[in-house]
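Notes follow the structure.
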2 protein chains.
Amino acid sequence: MEKVHALIGERVPRVDSLSKVTGEVKFAGDLKFPRMLVGKVKRSPLAHARILHVDTRKAERLKGVKAVVTGNDTAGIMWGVFGYTQDMALLPRDKVRYFGEEIAAVAAVDEETALEALDLIDLDLEELPAVFDPLESMASDGPLIHDDYPNNINIHVDIDVGDIEKGFKESHLVREDTFTAAEDGYFQGEPYAVVGRFDEAGNLEMWMPNAGPHMKAKPLSNLLKMPLNKVRVRKIAIGGAFGGRSEISPADFICALLTKKARRPVKLVYTREENTINVRMGHALITTIKTGVDRQGRVMARDITCYMDGGAYSSTGPIATSVPFLCMEQAYRMENVRYNGYRIFTNKPVRGMIRMHGRSFACGIDLQLNMLGEALGIDPVTMRLVNARQKGDYTPTKSYVPSCGLTDCIKQAAKKSGWDKKFGKLPPWRGIGIGINSVQTGFPLGIRGGSQAFVKFNEDAGVTLISGVADNGQGNDNMLVQVVAEELGLEMDDVTLITADTEITPNDPGTYSMVTTFAGGNAARLAAVDARNQLFDIAAGLLDANVEDLLLRDKMIFVKGNPDQFIPLKKAVRTGLIQGRPVSGEGHYAPKVEQGREWVNNPKGQLSETFSFGATIAEVEVDPETGKVKTLEVTAAQDVGFALNPLIIEGQFEGSVAMGGQGGMLTEYHLWDKGRCLNPTQMDYKVPLAGDMPKINNIIVESVDPSGPYGAKEAGMSIAMSAAQAYATAIANAIGVTIKDFPMTPDKILTAIENKQKK
Amino acid sequence: MEKVHALIGERVPRVDSLSKVTGEVKFAGDLKFPRMLVGKVKRSPLAHARILHVDTRKAERLKGVKAVVTGNDTAGIMWGVFGYTQDMALLPRDKVRYFGEEIAAVAAVDEETALEALDLIDLDLEELPAVFDPLESMASDGPLIHDDYPNNINIHVDIDVGDIEKGFKESHLVREDTFTAAEDGYFQGEPYAVVGRFDEAGNLEMWMPNAGPHMKAKPLSNLLKMPLNKVRVRKIAIGGAFGGRSEISPADFICALLTKKARRPVKLVYTREENTINVRMGHALITTIKTGVDRQGRVMARDITCYMDGGAYSSTGPIATSVPFLCMEQAYRMENVRYNGYRIFTNKPVRGMIRMHGRSFACGIDLQLNMLGEALGIDPVTMRLVNARQKGDYTPTKSYVPSCGLTDCIKQAAKKSGWDKKFGKLPPWRGIGIGINSVQTGFPLGIRGGSQAFVKFNEDAGVTLISGVADNGQGNDNMLVQVVAEELGLEMDDVTLITADTEITPNDPGTYSMVTTFAGGNAARLAAVDARNQLFDIAAGLLDANVEDLLLRDKMIFVKGNPDQFIPLKKAVRTGLIQGRPVSGEGHYAPKVEQGREWVNNPKGQLSETFSFGATIAEVEVDPETGKVKTLEVTAAQDVGFALNPLIIEGQFEGSVAMGGQGGMLTEYHLWDKGRCLNPTQMDYKVPLAGDMPKINNIIVESVDPSGPYGAKEAGMSIAMSAAQAYATAIANAIGVTIKDFPMTPDKILTAIENKQKK
């Protein structure tokens, strides 16, 4: 086959690897500015309390303290994601709603002084009754956490498609099960760090690890009552995001307030505990799933009720409330489906989006389907093949599916894992399981404006790409450079990348909801194409050829079919300069989706322009004496549309298996005592290490999406979802019983084995 | 009259003033980076010598020394401006050609160590015969400074238009005079400072006060053999340029070499002496002018021969060789004219472009014209009115003059200064004089590619303007902001400006040859217009109106003639985002001029797209006992096309009077002893201070250029030229004798008075 692309599809080493390996890369915590102060936060010792008075006088008088801020230093404006539910002050002045919430902060010349100043702040709090369990919280007589949310219900998502009662009536088999899972954490390698300062132009410059500088700048502008061109948000190297670096954090706002008050640079670095508790965490879910299938295993109807423990504030929760359902309905065909999703406030830390959306939901779906399949005598792979989403389908909530390689993923994963030789044929205490899932490439409210990029040529034919995209570690910087180098016939090294600085870089929705390659990649590609068109226009004159006959490759512009007729790219750029036409290009791309806020409560219409699909198969061995699980092999297959860089995609697959499966289903969960998180550090919260990881077989399936850049779409996150499901079903297969509370820790496994043996 | 513009034409305070007044602004010398080293340069103790060996071993062994570089650390590539005459190594390895030339440099942990290391560098030099006088240098038996320039002639510009012999034959009166002037210095407030470092991306980042980052980056890229996207040149606040911050300086190259070798940040700050001697200075000229006039005073023929002392290297000298002639031929109509301009190498520091081009040339023209007028009984103002350039003319070298307010300038200046009541009627030792001149807005080779700008809108309708323009102190930043705010109906404060960073900002020729408002201003305006067109397109839909009926003012888009039908600008921006059309604009502008290198030797065709014109009248009083001149009043009139901001223009006029007249004609010159500059500091070189300045009447004449932004063209430099001429003619008028050697210092004035009294 003729090689269509020079760089796209190649295993190109990442442009950001070298500086990370050598340690030269700078993170926000590494930044130093002259006269920089150290910020520290005073936190609530109560889970729910009215703030009567915060006495900062002693702290202010301490030598070396340069600023103390409380809620009284704020304009009292409430924040909510996309302005949807504005209920969080970020530095409250009336009430605190969870243990550890921010009440005041100081900036001092050193850490010791800052900590000493915290001790000198006197809090006069009136304790209020607190509630920690979402079902208790919903009880009508419980304490109200926010006055305007009756029964502490933050949001109720209500979806009802087809005729669910008819579906169940026509089913051959129906099951109802309830699955639960505790909160999961992000545990980014880098604890949250923010640096604020005023630049020479007098603008507030904020540096932090973040997934969307524009997404941070807008609320900061609003909360600080400063126009956007006075609040410059800059991304810096980031030590992991996983959904936890998207929206504004109290640390951002507090650091900005301290910087404004002290008129000096301020650095605020969160401790590991603060990073866990005070940034965001994943929701705890209670999910009841009722599924009816026909004799062939086809899903005839599904009715799901899900209670999500939202913690004290909305954050991204209202949107997160529908995501587990949407992922499921994308992966599984069904005509009749109902979803009631409730997000409930409790006096616990705030929950938001996370890479693995709703363990109890996603794993429950697959565990239950296997139980139904077992009753029907149909193996799990077949159960998925008969229900798998197909290209050209509409999802229940009416999203058209323009590309879909899910069936391929299932088949290839089954083949590679040796499913047929293993399922039902493994020695005792060994099991194999499969999970399938699908994720979006951008949510309706989240992709506002899409992504825009500029390309400018240097005189020697190198280029600068200016893009608003942020790289959170998943290789976006490399993706952008690869795309532009491809389109302009350059080497990677010829492309200088400027990203993620709200002052300079154009609009970008932020690196979340899996949209970046799709929108940001398309924008960069279009900017390069725009520049190339200008080059061809210039070259056509020089080569006495038609624009449509020209070809750009290896820094040369050729006349197609005539390899001797060419000019160096450089020549076209220089001719442009001589002709007074400096070559530069602009591109923008916004995914075509439904807009409108009603989507949050009732998703309907095109949710995402396209979807990725994944199937993961896990093989495990359970030690019946200890309940410990050894993962023998994982096979991860995903339809990524088109693999721009297989090297990076495989890295994403492997990270997804680690987070979704190895951590998410075996070890990761938070423990609580009356709203206090008992395991906020890695001492007790077990994130898998490299040595814990099994052998992983990566399978890239390419459905070539009609709108993605070169056919590409989201790559990796469908694995994070389906890996959890695969681990769960594999363990159930190994021990012969289905555990319904996640993660599946040794104690739960031992109990399940014991209970089974008792029967 | 209806007010056409909201901001353009207003006396808007400069956007950069506040940070300068408060001291918050940072200059290159203020920059600090972790582990930054101090750079120092070892200089030649001889005016002309072969470098046999440079022994750096002892210096390298000194504790604290992190890098030592010599010519052997260079790739040996020669530099020349626009690649025209590549004869300067910037750090030579074969020969040194002037006293103080760079031979080696060190970077050390502190200044003391660096200076100690310089003493440890052993130079083995073979002294060569040196030549310091340009006429001696041209003598065929003199030492050759560069092997490939016979008779040390760097360039011979040869212009011959019309029939000069016929012109002189038809003249009523002919005079020939020779005028001379010593070198003049720039004496920027800020001595040259460069900081180099490698940024996180591994690119070499260079900060320096500079007029054209792209103009610096290109030779650095070439000399260092690094592509342009690895050499990031950034401008920082600048303490004056005046022509002396345009092209690359040895300090830039040496700092880059030290940074590369030490792999640590390096700061190299020149001493005042180094700034004078080792950056650039103005040429010394010997100009013989022969002019024939008819009975009405009209110039019938002019023959000029000019010898310019170029110092040791070409630099911008080849282009500078024709500039005094071109300025003259633009201001004065004449049909027959010949110019022989020679730039000659000597063993003295390098000379380049300076704000006042060729004192002995420009002042000679006016002094001689007055002598001819006196013989004819025609007063100086009339002599200029009969010869003044008019709109629609072609200059002798065939430049079309699209706008010209010179006659207006002369008349208004004469009126305001009370010329008619004063000329010939002043008390003894008082005199009044007039000078006229004209400057370009961009040279053929210098404007390559023109200027380009991007505008991007923030969601709250503030904008960022990204432009390659550099502000050297003359108010370009303000000009850009004012233009964009005007076109987009914004306030100044709504515009964030990003300029002069080769990595981010698009092409710009640099802030010299008076092109910036014309090219950079037009580019910024066009970028804003592009963005506005997009906004109108969006707004037309929202207002149900035609695009051509829309009007943008005060952050509102109105339907013309219907003040109730409008939307806020913000609404159009946000609608654009919702529609997936982020609003941004691009603009570029390249002045329409002849291209081609042959221009340097023989200028012909459109030299500049337009020209500014100025007339200055000075009134002085000479103390016959001391020879001291007291300037009583200066009236400065210039055709600036259109005054974008009169406040800034008046500042430019006043600075021009200070530099061109008060300093340039009264006190500023360099003294020499065998190639050694005897007065490199302000102790002996007298730059006028604020207290020395006379009352200045500023007259802005607006001819409204057809191509300039809003009709604007160069503003201020025509005054710097004509002020020198006005001072010269005023002194001649006061003492009744014409001094032909400049500046007119007290000793020369006393001698002239004595000689006159002897007669």
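Every chain is numbered from 1, with letters handed out A, B, ... down the list of sequences.
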Side chain, backbone, both or neither: which part of [X] has a non-hydrogen atom closer than 4.5 Å to chain B?
| X | answer |
| --- | --- |
| Ile504(A) | both |
| Lys218(A) | side chain |
| Ser221(A) | side chain |
| Lys32(A) | neither |

Below 4.5 Å, heavy-atom pairs only: which of [options] has the largest tally toward chain A?
| options | result |
| --- | --- |
| Ile466(B), Val15(B), Asn458(B) | Asn458(B) |
| Gly450(B), Pro506(B), Pro34(B), Gly449(B) | Gly449(B) |
| Glu459(B), His588(B), Lys26(B), Glu24(B) | Glu459(B) |

Partner chain B: residue of Arg232(A), Lys230(A), Glu503(A) with the largest heavy-atom pair count (under 4.5 Å):
Glu503(A)
Looking at Thr464(A), Leu18(A), Ile447(A), which makes the most heavy-atom pairs under 4.5 Å with chain B?
Thr464(A)
Ignoring hydrogens, what is the shortest heavy-atom contact between Lys456(A) and His214(B)? Give both atom names and the distance.
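Heavy-atom minimum between the residues: NZ-CE1, 4.3 Å.
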Does the side chain of [X] reach to within under 4.5 Å of the side chain of [Y], using non-hydrogen atoms?
| X | Y | result |
| --- | --- | --- |
| Gln452(A) | Ser584(B) | yes |
| Glu586(A) | Glu586(B) | no |
| Glu200(A) | Ser19(B) | no |

When only heavy atoms count and the cut-off is under 4.5 Å, which of residues 488-499 of chain B reach chain A?
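Expected list: Asp493(B), Asp494(B), Val495(B), Thr496(B), Ile498(B).
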Contacts of residues 575-582 of chain A with chain B (heavy atom under 4.5 Å)
Leu577(A), Ile578(A), Gly580(A), Arg581(A), Pro582(A)
Heavy-atom distances under 4.5 Å only: say whether Lys592(B) touches chain A with side chain, backbone, both or neither.
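Interface part for Lys592(B): neither.
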Check for a donor-acceptor pair, side chain of Asp460(A) on one end and backbone N or O of Pro227(B) on the other, with a separation under 3.5 Å.
no
